[in-house]
Amino acid sequence: MTSPYFPHTAEDVRQMLEGCGMTRLEELFSEVPSQFLYDKPYDLPKAMSESQVRDFFANLCSQVAPLKIFAGQGAYDHYSPSTAQYLISRSEFLTAYTPYQAEISQGTLRYIFEFQSMICALTGMDVANASLYDGATACAEAMLMCMAATKKKTRFLLSTHLFGNIIKTVETYAHFHGVELSYFTTLDELKAELAAGDVAGALVPGINRFGVIENLAGYAEALHEAKALLSVYNDPSTLAVIKTPAEWGADIAVGDCQSLGIPISFGGPYLGYMATKMDYVRKMPGRIVGQTEDRDGKRCYCLTLQAREQHIRRDKATSNICSNQSLMALYVTIYLSLMGAEGLRKANAISSALAHRLYDGLLATGKFESPFDGQPFVKEFTLKAVDDKNYCSLLAEKGYLAALPTEEGYITFAVTEKRTAEEVDALIKTIAAL
């Protein structure tokens, strides 16, 4: 079991096995049941040259026609600047991984600082951390942060209007941290749960899983009166045009930054964000990078706060998060730098105009009804089909990724600035003919 790419010689392996009291490498896997061990020859193709490998994969790609994306549900096909792909590959960013040694990682520390600053600008919150794995785990961390900030309370509330993957992730974290979850849909239901007592906080969406912009008036007041915290989940790209979490009185803002130029990429890697009021900064997981000056008076960056178990007593840590999604945070920072506030507003304006064009056109076909008629939306909306056709499957055969089903039997569509009016009209025509 040797390879030219492994640094250990046969003698190295022999000595290590001897130190483990073994004579064969296979003994290392003796605890694995035999039925789970693959003992057949690997069906690998013969070695190929670089050009042959490129041709091989090009041929595979040619066999799969890309679908036009009119779907969302938490992952959106937004414009991804080619400049970002180039800049993230620069050595001062790509290879400067660890932020611990400030003297040799100024590139990493700077873009983390800029990322934090931009998240604060989008959410209106006081402070942001150095990013989390994705939006769903950011929500779970927000729950744990509420539990830590309110002390001794055991309940947390979840809106049923959150995406399913968020609810499932929070449920998993809650199960292993002994947190009791309760669910609500309306403000009155929230108040009823608060009246039952022992609530640390609640998580609500700024735009719900049906695409509807939520009216969060009264949520913060109700929670704060019960000495609980409000966490708001948002697609950050939409915060350029809708009320921010801070404007709703939120204590914690979380979400997934995929919509900020990160390619869909079959589901990842994505990037979670978390921002909060300064009152709760020491309960926030991850790292915070700050700006300072060196002894020569020059601007520089350093780690300011690290509330994780590697640095403080395990029972006092808010999380065991280690690595932030550094490369993806850099990607988002570059995207936001290139787009600016005006660029984000324009992208939302184009997406919204096209989404409403599709919404009106689909209703005009007579094949759909609107279960949320009159409710405001930006780029994503939900319809109810009047027949029992599987529109998602039928449209996939026609070259579209659209009409994602919901658990209620509705279907959802999303439109971004990458689509055109001609493509929207073609989709309407295609659906009308089904």
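If you read the sequence from its start, that first residue is 1, and numbering goes on from there.
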Apply the test side chain to side chain donor-acceptor pair (under 3.5 Å) to residues T185 and T160: give CA-CA distance (whole Å), side-chain angles for both, the deciding distance (0.1 Å), then the verdict.
-> CA-CA 6 Å; T185 301; T160 59; 2.7 Å; yes
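Smallest separation of non-hydrogen atoms from E193 and Y183: OE2-O, 4.0 Å. Among all heavy-atom pairs drawn from A250 and M125, the shortest one is O-CE, 3.3 Å. L190 and L157 get closest at one heavy-atom pair: CD1-CD1, 3.4 Å. A pairwise comparison of heavy atoms in M274 and A138 identifies CE-O, 3.6 Å as the closest pair.
Between the T276 side chain and the Y280 main chain, no donor and acceptor come within less than 3.5 Å of each other. Of the possible donor and acceptor atoms, none in the side chain of Y76 sits under 3.5 Å from a partner among the backbone N and O of L260. Judged by distance alone, with hydrogens and angles left aside, the side-chain atoms of Q106 form a donor-acceptor pair with the main-chain N or O of Y301 at under 3.5 Å. With S265 contributing its side chain and P263 its backbone, the two residues share a donor-acceptor pair below 3.5 Å. Side-chain atoms of S62 come within 3.5 Å of backbone atoms of N59 as a donor-acceptor pair (strictly under, hydrogens ignored). E225 places no side-chain N or O within donor-acceptor distance of the main-chain N or O of A222, the cut-off being under 3.5 Å.
Summarising the geometry, atom CZ belonging to R345 is positioned 13.5 Å from atom OG belonging to S237; distances are rounded to the nearest 0.5 Å. To the nearest 0.5 angstrom, S231 atom OG is 6.0 Å from L203 atom CG. Of the inter-residue distances, the one linking L383 atom CG with S370 atom OG reads 6.0 Å to the nearest 0.5 angstrom. Separation of atoms OG (S259) and OH (Y270) is listed at 10.5 Å; rounding is to 0.5 Å.
H78 pairs with exactly one of E417, K418, Q258 by the side chain to side chain donor-acceptor pair (under 3.5 Å) rule, that one being E417. Applying the ring pair (Phe, Tyr, Trp, His ring centres under 6.0 Å) test between F210 and each of F377, F413, F372 identifies F372 as the sole match. Partner D77 forms a salt bridge (Lys or Arg N to Asp or Glu O under 4.0 Å) with one of R419, K379, K68 and no other, that one being R419. Between L230 and the choices D251, I252, L216, the side chain to side chain contact (heavy atoms under 4.5 Å, CB included) rule is met once, by D251.
Using bins of under 30°, 30° to 60° and over 60° for the plane-to-plane angle, the ring pair Y359/F381 lands in the perpendicular bin.
Environment of CG in D296: crowded, with over 12 heavy atoms of neighbouring residues, nucleotides or ligands closer than 6.0 Å.
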